[in-house]
Amino acid sequence: MTTTKPYAVTFVCLGNICRSPLGEGIFKKLVKEAGREEEFHIESAGLGGWHVGETPDSRSQIVARQHGISLDSTAQQFRARDLERFDLILALDEDIYHGLLRMAGNGPAREKIHLLREADPQARGNLEVPDPYYGDLNDFETVYQMVERSCQGWLERLK
Ligand code: 4NP
């Protein structure tokens, strides 16, 4: 019997409490629905460390629950060693994307780093998932929709 290592994917935002936990939760749900759980290892992280150890923002939890998802991540900071640990590193916005590229320097991990919304068919050139931290539940729902479309797109690409 041969065992293949799961393809490791992480979602990265700033605090790992609003946007990237939604990425992790939505992608896990889609992977499960597709019967592909054995193919993937899925996490999320933040470039900043202020919220390490916290559960997701209550507004992300509410919106996720409205879509039948229970978020189970605990905030962690993205570290240089994670550049090796993951096969695909999905940045939620341009600042994060460039921060990750700086961290990777000229190393081989550069090619693993992408903007999440590259796979959103409705992105129309805007590849950012806006930070909803100072927004309301509607902003979190908008984030949810963008992240869900993008996750569907990535799951399709990763066949
Ligand atoms: P996130 O949102 O990056 O989507 O988790 C934020 C959460 C916290 C902060 C900024 C953005 N903050 O500045 O504390």
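Side chains included, hydrogens not; waters and symmetry mates left out as well; all remaining heavy atoms used. As the structure lists them, so they are numbered: ligands from 1, and atoms in each ligand from 1.
Between L116 and R19, every side-chain heavy-atom pair lies at or beyond the 4.5 Å cut-off.
We find that D82 and R85 are joined by a salt bridge, their nearest charged nitrogen and carboxylate oxygen being less than 4.0 Å apart.
Atom 1 (P) of ligand 1 has as its closest protein heavy atom C13 SG, 3.5 Å. The closest protein non-hydrogen atom to atom 8 (C) of ligand 1 is H51 NE2, 3.4 Å.
Considering both main-chain and side-chain atoms, S20 never comes within under 3.5 Å of ligand 1 through any nitrogen or oxygen pair. Between R19 and ligand 1, at least one pair of N/O atoms sits closer than 3.5 Å.
A donor atom on one side chain and an acceptor atom on the other are found under 3.5 Å apart for Q76 and E43. Between the side chains of E156 and Q152, no donor-acceptor pair is found at a separation under 3.5 Å.
Atom CD of E84 sits in a sparse spot, with 12 or fewer heavy atoms from other residues, nucleotides or ligands closer than 6.0 Å. Heavy-atom neighbours of N106 CG from other residues, nucleotides or ligands within 6.0 Å: at or below the threshold of 12.
Taking every heavy atom of L14 and a limit of under 4.0 angstrom, the matching atoms of ligand 1 come to 3 (O), 10 (C). Contact atoms of ligand 1 toward C18: 1 (P), 2 (O), 4 (O), 5 (O) (distance under 4.0 Å to a heavy atom of the residue). Proximity to G15 (heavy-atom distance under 4.0 Å) selects the following atoms of ligand 1: 1 (P), 3 (O), 5 (O).
By the criterion of a heavy-atom distance under 4.0 Å, neither the backbone nor the side chain of L92 is placed next to ligand 1. If you look at I17 next to ligand 1, the close heavy atoms, those under 4.0 Å, come from the backbone and the side chain alike.
The residue among I96, V12, D131 with a heavy atom at the shortest distance from atom 10 (C) of ligand 1 is D131.
Closest approach of S44 to E24, counting heavy atoms only: OG-OE1, 2.7 Å.
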